[in-house]
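Here is the structure we will look at.
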Protein chains: 2
Amino acid sequence: MSNEPSYKNRKVITIGIVSELTGLTERKIRYYEERKLIFPERSAKGNRKYSFSDVEQLIEIANKREEGVQTFEIRQQMLRDKRKEAERESRQQMLRGQINARFGIQRE
Amino acid sequence: MSNEPSYKNRKVITIGIVSELTGLTERKIRYYEERKLIFPERSAKGNRKYSFSDVEQLIEIANKREEGVQTFEIRQQMLRDKRKEAERESRQQMLRGQINARFGIQRE
DNA sequence: CGTGTAAGGAATTCTGACACG
DNA sequence: CGTGTAAGGAATTCTGACACG
């Protein structure tokens, strides 16, 4: 829906900057990746690249960790949230389909 | 006006990534800074940090350079554009002031 | 003027491992 | 399990300079 390619999701931030931005050590950031909580891309030579979105994710993770939530649980929650979002999307699509079926597809 | 703190202007991208994103050599990127066309921030240890906005600026600069426009002229244009923008802002403010003067300041 | 390149050094990042609890 | 740390190496970035045109 957004008309912007969105800066939010472009993977362009190196781990050092992410560390500054989140206050997390690089060790922690890499560990959360190992536990599949975060998915940076890699540059040609293998350096991790994160998005602003990833940075926000990491902050949420850090908050949960402070509350004592284990990485495994955080992961479960993330997967659950993702599934719910997919369902919502799906319902939306369904609705759109019905509208088109009754009122026809708008052209031009 | 924008409600977002905006990812667009946060200086978080290192020069290597900027080079990939723009296709410019690091040499050129540093030179355009020297000519005051671009203003990266610095990390604690002195590494340059750019924003998405800077990346877009650099692409525009690259386009003008290809047309043979000299850095000096590009700079003049940038300053002119900036002044115009400030004037537009100023007129806006003026207008808002008059509206408030006539209709009173809205509270709550 | 605009850009390339070699130079030397400092800072960054990476991985795999050992440590502790 | 979650995190720190020392280790060694490779890649990154920085500055100032010389080159060419």
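Every chain is numbered from 1 and lettered A, B, ... according to where its sequence line falls, protein lines coming before strand lines.
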How far apart are the C-alpha atoms of B:Arg80 and B:Gln76, what are their side-chain angles, what is the distance that settles it, and do they pass the side chain to side chain donor-acceptor pair (under 3.5 Å) test?
CA-CA 6 Å; B:Arg80 251 179 270 130; B:Gln76 296 304 305; 5.3 Å; no
Within this structure, what is the CD-to-C1' distance between A:Glu34 and C:dG16, rounded to whole angstrom?
11 Å
Of A:Thr14 and A:Gln70, whose nearest nucleotide on DNA chain D comes first from the 5' end?
A:Gln70
Distance only, no hydrogens: is a donor on one side chain within 3.5 Å (strictly under) of an acceptor on the other, for A:Gln70 and A:Lys64?
no
Can you spot which of B:Lys28, B:Arg35, B:Glu34, B:Arg27 makes a side chain to side chain donor-acceptor pair (under 3.5 Å) with B:Tyr31?
B:Arg35
Please check this pair: side chain of B:Thr22 against backbone of B:Ile59, looking for a donor-acceptor N/O pair closer than 3.5 Å.
no
Among D:dT12, D:dG4, D:dA17, the one nearest B:Arg27 by side-chain distance
D:dA17
Using modelled atom types only, decide if a donor and an acceptor are shared between the side chain of B:Arg65 and the backbone of B:Val69 within a distance under 3.5 Å.
yes
To the nearest angstrom, how far is A:Glu26 atom CD from D:dA11 atom P?
18 Å
Any side-chain N or O of A:Arg35 less than 4.0 Å from the OP1 or OP2 oxygen of D:dG2?
yes
Rounded to whole Å, CD of A:Glu20 lies from C1' of C:dT12 at a distance of 12 Å
Gap between atoms CD1 and C1', on A:Ile29 and C:dT15 respectively (whole Å)
16 Å
Side-chain N or O of A:Arg42 closer than 4.0 Å to phosphate OP1/OP2 of C:dT15:
yes
Could you tell me whether A:Arg83 and A:Glu87 have a side-chain N and a carboxylate O separated by less than 4.0 Å?
no
Nearest whole Å is fine: how far is C:dA11 C1' from B:Lys49 NZ?
15 Å
Quiz question: going by heavy-atom distance under 3.5 Å, is there a donor-acceptor pair between the base of C:dT15 and the side chain of A:Arg30?
no
Salt bridge or not for B:Glu33 and B:Arg48, using N-O below 4.0 Å?
yes
Could you give me the stems involving DNA chain C, meaning stretches of three or more consecutive Watson-Crick or G-U wobble pairs whose two defining distances are both below 3.5 Å?
C:2-5 with D:17-20, C:17-20 with D:2-5
Starting at atom CZ of A:Arg65, determine the distance to atom P of D:dG2, rounded to an integer number of angstrom.
5 Å
Any side-chain N or O of A:Arg48 below 4.0 angstrom from OP1/OP2 of C:dT13?
no
Check this one for me: any side-chain N or O of A:Lys45 less than 4.0 Å away from OP1 or OP2 of D:dA10?
no
Give a yes/no on whether any side-chain N or O of B:Tyr31 is located under 4.0 angstrom from OP1 or OP2 of C:dG2.
yes
Would you mind reading off the distance between B:Glu33 atom CD and C:dG2 atom P, rounded to a whole angstrom?
15 Å
Whether A:Tyr32 contacts D:dT3 is assessed here as follows: a side-chain N or O lying under 4.0 Å from the phosphate OP1 or OP2. Is that the case?
yes
Output yes when at least one side-chain N/O atom of B:Thr25 is less than 4.0 Å from OP1 or OP2 of C:dG4, else no.
yes
Whole angstrom is fine here: how far is it from NZ in A:Lys28 over to P in D:dT5?
11 Å
Do B:Arg88 and B:Gln92 pass the side chain to side chain donor-acceptor pair (under 3.5 Å) test, and can you show the C-alpha distance, the side-chain angles, and the key distance before you say yes or no?
CA-CA 6 Å; B:Arg88 201 180 316 122; B:Gln92 275 268 323; over 6 Å; no
